[in-house]
2 protein chains.
Amino acid sequence: MRGHGRWFHGRIRGCGYRLTLPRMKIIEVLNSSNGHLSAEDVFVKVHRIYPAVGLTTVYRTLEMLVASGIVVKIDAGDGKARYKFKKTLEEEPHFHLICKKCGNIIDVKADKELEKNIHRAKEEYIKRYRFKVDNPQLRFYGYCESCK
Amino acid sequence: MRGHGRWFHGRIRGCGYRLTLPRMKIIEVLNSSNGHLSAEDVFVKVHRIYPAVGLTTVYRTLEMLVASGIVVKIDAGDGKARYKFKKTLEEEPHFHLICKKCGNIIDVKADKELEKNIHRAKEEYIKRYRFKVDNPQLRFYGYCESCK
DNA sequence: ATTGTTAATGGAAGTCATTTTCAATAAGGA
DNA sequence: TCCTTATTGAAAATGACTTCCATTAACAAT
Ligand SMILES: [Mn+2]
Ligand SMILES: [Mn+2]
Ligand SMILES: [Zn+2]
Ligand SMILES: [Zn+2]
């Protein structure tokens with residue numbers, strides 16, 4: 001209760017995980033970064049404030065945080081996953097702009113009408129193909145301002 | 001001109017590539033399969049009718065066919081690319097239903113309105129984020145009839 | 001049809017992101 | 001404090017794909 005216990009600490013313990021030093025350092029980095037980071041990115045940043053970390057632990061912790069619902073994992077399509085801290089437990093729906101040159105990812109708010117159309121399509125597929133859609137993903141591949 | 005020269009033969013030669021035996025066998029397999037195949041899938045099928053193929057050649061030929069515009073390459077998000085013969089040179093826009101269990105991919109026709117909405121979003125991003133969208137991709141991850 | 005040039009082949013070895021293994025360590029409940 | 005066992009980090013393994021390189025085969029020019 002004395003400020004140092006962030007909301008996600010309770011969540012992690014609640015999922016049965018231990019709150020270890022490497023985990024806290026990784027969370028610290030993730031929490032104070034705003035972009036979508038690769039495991040390697042996280043490793044490099046954590047290494048600066050806690051040189052003992054192993055890359056293995058970074059991967060494991062990242063997966064653990066995804067499993068706890070604290071972090072989102074994004075497949076950028078370039079063979080390297082990206083991770084990002086959620087601001088809220090229930091992330092609002094959004095899409096991604098992915099730069100084919102530098103790999104940067106921009107979150108874009110979901111347009112209401114587009115969102116509705118996707119939902120309608122999803123309902124249709126469950127009927128037409130007996131395919132249970134779980135999670136629709138819309139990505140716009142292209143080139144960001146500095147790469148185009 | 002005697003039937004045995006399929007349309008894509010001219011296209012391959014036209015792009016400056018040689019028409020070799022392994023390439024023809026790979027094309028034969030691709031042309032007579034209807035799903036979205038992984039390089040490994042193609043390798044196994046080709047190996048049955050032409051045991052001398054190397055996996056390397058399968059990868060190279062697949063890329064060559066993509067470069068020639070004869071085959072489409074799809075990133076299923078599971079680390080294994082899928083390839084599919086185009087029926088027509090200009091593929092009509094469509095989306096994918098991807099099974100998270102078995103990896104199968106179902107092509108779904110693009111709904112006109114949804115398609116238009118995506119296009120509108122794309123135009124907006126170029127203005128708002130100075131991000132030049134090249135290729136929007138909509139995927140519906142979930143479970144197919146036999147996996148759910 | 002024969003030849004010569006050079007693209008294409010296939011096996012082995014290399015990448016690169018991620019995972020597995022395993023002995024040593026450290027959470028945290030008792 | 002002690003004990004159990006989850007967690008750690010280094011090293012080795014994995015899996016999809018690529019690169020190397022010596023050999024082979026397309027095919028354009030004789
Ligand atoms: Mn996002
Ligand atoms: Mn398709
Ligand atoms: Zn960029
Ligand atoms: Zn399935």
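Convention: sequence-line order gives letters A, B, ...; per-chain numbering from 1.
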- line: For A:Ile105, the hydrophobic cluster (side chain heavy atoms closer than 4.5 Å, chained through members) also holds A:Ile74, A:Ile98, A:Tyr141

field: With B:Lys87 via side-chain contact (heavy atoms from CB on, under 4.5 Å) - residues at least two apart
entry: B:Lys84, B:Glu91

Where chain B begins and ends its contact with DNA chain D, read 5' to 3' at 4.0 Å from heavy atoms: D:dA16 to D:dA28

- prompt: If every non-hydrogen atom of A:His96 is compared with every non-hydrogen atom of A:His94, which pair is closest and at what distance?
  reply: NE2-NE2, 3.2 Å

side-chain contact (heavy atoms from CB on, under 4.5 Å) evaluation trace for B:Arg128 with A:Ile106: CA-CA 12 Å; B:Arg128 180 158 306 172; A:Ile106 300 173; over 6 Å; no

Rounded distance (nearest 0.5 Å) linking atom CZ of B:Arg6 with atom CE of B:Met24: 9.5 Å

task: Provide the start and end nucleotides, 5' to 3', of the part of DNA chain C that has atoms under 4.0 Å from heavy atoms of chain B.
output: C:dT6 to C:dA12

query: Mind checking who shares a hydrophobic cluster with A:Val72, ILVMFWY linked at side-chain heavy-atom distances under 4.5 Å?
result: none

message: Short of 4.0 Å, heavy atom to strand atom, which residues of residues 11-24 of chain A count as contacting DNA chain D?
response: A:Tyr17, A:Arg18, A:Thr20, A:Pro22, A:Arg23

Within residues 56-69 of chain B: residues closer than 4.0 Å to DNA chain C (heavy atoms): B:Thr56, B:Thr57, B:Arg60

field: Trace of the side-chain contact (heavy atoms from CB on, under 4.5 Å) decision for B:Asp75 with A:Asp75
entry: CA-CA 10 Å; B:Asp75 159 36; A:Asp75 158 38; 4.0 Å; yes

statement: Separation between CZ (A:Phe8) and CG (A:Leu65), nearest 0.5 Å, reads 9.5 Å

message: Between B:Lys148 and A:Asp134, does any NZ, NE, NH1 or NH2 come within less than 4.0 Å of an OD or OE carboxylate oxygen?
response: no

message: Testing the basics here: between B:Ile118 and B:Pro136, what is the closest heavy-atom pair and its distance to 0.1 Å?
response: CG2-CB, 3.8 Å

Check residues 41-50 of chain A and write down every donor-acceptor pair under 3.5 Å in which the side-chain atom is one partner and the other belongs to a residue at least two apart or another chain.
residue, atom, partner, partner atom, Å
A:Asp41, OD1, A:Ser38, OG, 3.3
A:Asp41, OD2, A:Ser38, N, 2.9
A:Asp41, OD2, A:Ser38, OG, 3.1
A:His47, NE2, A:Pro51, O, 3.4

statement: Ordered by number, residues from residues 25-53 of chain A within less than 4.0 Å of DNA chain D (heavy atoms) are A:Ala52, A:Val53

Side-chain polar contacts of residues 10-22 of chain A - donor-acceptor pairs under 3.5 angstrom, sequence neighbours left out - could you list them?
residue, atom, partner, partner atom, Å
A:Arg11, NE, A:Ser68, O, 2.6
A:Arg11, NH2, A:Ser68, O, 3.3
A:Arg13, NE, A:Tyr17, O, 3.3
A:Thr20, OG1, A:Arg23, N, 3.3

message: Test of understanding: with side-chain contact (heavy atoms from CB on, under 4.5 Å), list the residues that count as partners of A:Arg60, not counting sequence neighbours.
response: A:Thr56, A:Thr57

field: By side-chain contact (heavy atoms from CB on, under 4.5 Å) - contacts of A:Lys73 (at least two apart)
entry: A:Glu63, A:Val66, A:Ala81, A:Tyr83

query: Are B:Phe140 and A:Tyr125 close enough that their ring centers fall under 6.0 Å?
result: yes

